[in-house]
Amino acid sequence: MPELPEVETSRRGIEPYLLNKTIKKIEIRQHKLRWPIPKNLPTLAEGQKVRGVYRRAKYIYLKLDSGNIIIHLGMSGSLRICTSKTPIEKHDHIDICVSNKKILRDPRKFGCVLWQADDINNHKLIKSLGPEPLDDIFTAEYLHTKAHKRQCSIKAFIMNSHIVVGVGNIYASEALFRSGINPKRKAGNISLSRLVKLVNAIKLTLKLAINEGGTTLRDFTGISGQPGYFAQKLLVYGRNGEKCTQCNETIKQFTQQARSTYYCTQCQK
DNA sequence: ACTTCGACCTGTTGGC
DNA sequence: TGCCAACAGGTCGAAG
């Protein structure tokens, strides 16, 4: 489900409820997510103050004095703020309780909740990640160097978290459309000037989506259950058979790396 | 070193 | 209306 804008929307949503608050209790109903939630997480975290609510790639982490709680929402996860009266539903796997409760809900269990005792960047899942797309170090020159002689498609390339993080299936199609690049084109076969357009398109698309509270296709919601409004502004994703907003050509869909890609054959070369 | 692909799990959708 | 296959926002890790 969530790509970077949806994760950032979730982070911004929970931050005011958790920052500088003491974790009173952690209640785990379902340990079996993508990786098991550590059995001793309550012992490690209860009684500590939340010093920061951060995001790295699609991971949210809560910085405590003795370590970090790392949360990934997987494909279908969401976080919400609840009170003690909020009914617990089927896929509400873990509560992190301060004065209110924060609940991780994750129907498909592709997400995870983990503990990292020291610097978050030492964590196995995080240390090999590429740069943040909205960071200044993510440039066309960087992409150009990384793409040298790469045979994979440009879409697979920008979705590879070792190259750049946070670009998922929706925003990959959107950014490639905005930069006029055919998703099938080989990554190593794109000029620097076109990569300049691509990098700008990735940054712009993600920023616009964050401003809209993310994209709700079927079930993404912010912490209060509200949808994101960027779905209304998608230019190609999910629009196969419809007209291109720029040239009136019909938007096409095809499968790439077992994921749906949407593009305009006229605008993207 | 790079690329592809299966696996994880549940809910929803669309075609017959 | 009902059933069942196909598909869904992620990404690791094995295999080629």
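Lettering follows sequence order; numbering is per chain, from 1. Owing to the predicted nature of the structure, the values given are computational and were not obtained by experimental measurement.
- Residue A:K109 places none of its side-chain N or O atoms closer than 4.0 Å to OP1 or OP2 of B:dC8.
- The partner of B:dC16 is C:dG2, judged by Watson-Crick or G-U wobble contacts that both fall below 3.5 Å.
- For A:K90, whose side chain is taken as the heavy atoms from C-beta onward, the closest listed nucleotide among B:dG11, C:dG9, C:dG13 is B:dG11.
- Side-chain heavy-atom separations under 4.5 angstrom define the hydrophobic clusters, and the remaining members of the one that includes A:I88 are A:I103.
- The listed nucleotides are C:dC12, C:dG9, B:dT3; the one nearest the side chain of A:N169 is C:dG9.
- Here the P atom of nucleotide B:dA7 and the CH2 atom of A:W35 are 17 Å apart, to the nearest Å.
- An OP1 or OP2 oxygen of B:dT4 is reached within less than 4.0 angstrom by a side-chain nitrogen or oxygen of A:Q257.
- A donor N or O paired with an acceptor N or O is found under 3.5 Å between the base of C:dT11 and the side-chain atoms of A:R34.
- The phosphate of C:dG10 (OP1 or OP2) has no side-chain N or O of A:Y59 nearer than 4.0 angstrom.
- Across all strands shown, B:dT3 is found opposite C:dA15 as a Watson-Crick or G-U wobble partner, with both distances under 3.5 Å.
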Acceptor/donor pairs from residues 157-165 of chain A side chains to any protein atom, 3.5 angstrom cut, sequence neighbours excluded:
unit_1: A:N160; atom_1: OD1; unit_2: A:H162; atom_2: N; d: 2.8
unit_1: A:H162; atom_1: ND1; unit_2: A:S128; atom_2: O; d: 3.0

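- The side chain of A:K124 contributes no N or O atom lying less than 4.0 Å from OP1 or OP2 of C:dC12.
- The pair A:E15-A:R12 fails the salt-bridge criterion, with no side-chain N (NZ, NE, NH1 or NH2) lying under 4.0 Å from an Asp/Glu carboxylate O.
- A:D106 has its CG atom 15 Å from the P atom of C:dG9, to the nearest Å.
- In this structure, of C:dC12, C:dG9, B:dG11, it is B:dG11 that holds the atom nearest to the side chain of A:P107.
- Across the P atoms, B:dG11 and C:dT1 are found 23 Å apart, a figure rounded to whole Å.
- A gap of 15 Å separates the P atoms of B:dG14 and C:dG9, to the nearest Å.
- Nucleic acid contact for A:T216: base, since at least one base atom lies under 4.0 Å from a heavy atom of the residue.
- Regarding A:L73, its CG atom lies at a distance of 10 Å from the P atom of C:dT11, rounded to whole Å.
- Atom NZ in A:K58 sits about 4 Å away from atom P in C:dG10, given to the nearest Å.
- Within the 4.0 Å cut-off from OP1 or OP2 of B:dT10, not a single side-chain nitrogen or oxygen of A:H91 is found.
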Trace of the side chain to side chain donor-acceptor pair (under 3.5 Å) decision for A:N240 with A:E242: CA-CA 5 Å; A:N240 65 314; A:E242 296 177 30; over 6 Å; no

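- Within the structure, every side-chain polar atom (N or O) of A:R259 is placed at least 4.0 Å from both OP1 and OP2 of C:dT11.
- The base of C:dA8 lies close enough to the side chain of A:R108 for a donor and an acceptor atom to sit less than 3.5 Å apart.
- A salt bridge (charged side-chain N to carboxylate O under 4.0 Å, His left out) with A:E132 is found for exactly one of A:R55, A:K58, A:K203, namely A:R55.
- An aromatic stack links A:F110 and the base of B:dC8, using centre distance under 5.5 Å and interplanar angle under 30°.
- A:Y263 has its side chain out of reach of A:V236: every pair of non-hydrogen atoms, C-beta onward, lies at least 4.5 Å apart.
- Rounding to whole angstrom units, CG of residue A:N160 and C1' of B:dT4 are separated by 12 Å.
- For the OP1/OP2 pair of C:dA8 and a distance below 4.0 Å, the side-chain nitrogens and oxygens of A:S260 include at least one atom meeting the criterion.
- Atom C1' of nucleotide B:dT4 and atom NZ of A:K155 are separated by 14 Å, given to the nearest angstrom.
- Residue A:K146 has no polar side-chain atom (N or O) positioned under 4.0 Å from OP1 or OP2 of B:dC2.
- Among the heavy atoms of the strands lying under 4.0 Å from A:Y237 are primed sugar atoms or P, OP1, OP2 only; no base atom is included.
- In terms of phosphate contacts, A:R150 brings a side-chain nitrogen or oxygen within less than 4.0 Å of OP1 or OP2 of B:dT3.
- For the pair A:I170 CD1 and C:dC7 P, the interatomic distance rounds to 18 Å; values are reported in whole Å.
- Under the 30°/60° scheme for interplanar angles, the aromatic rings of A:H72 and A:Y59 are found to stand perpendicular.
- C:dC7 and B:dG6 have their P atoms separated by 14 Å, given to the nearest Å.
- Atom P of nucleotide B:dA1 and atom CZ of A:F157 are separated by 16 Å, given to the nearest angstrom.
- Distances from the side chain of A:L217 to the nucleotides B:dT3, C:dG9, C:dT11 place C:dG9 closest.
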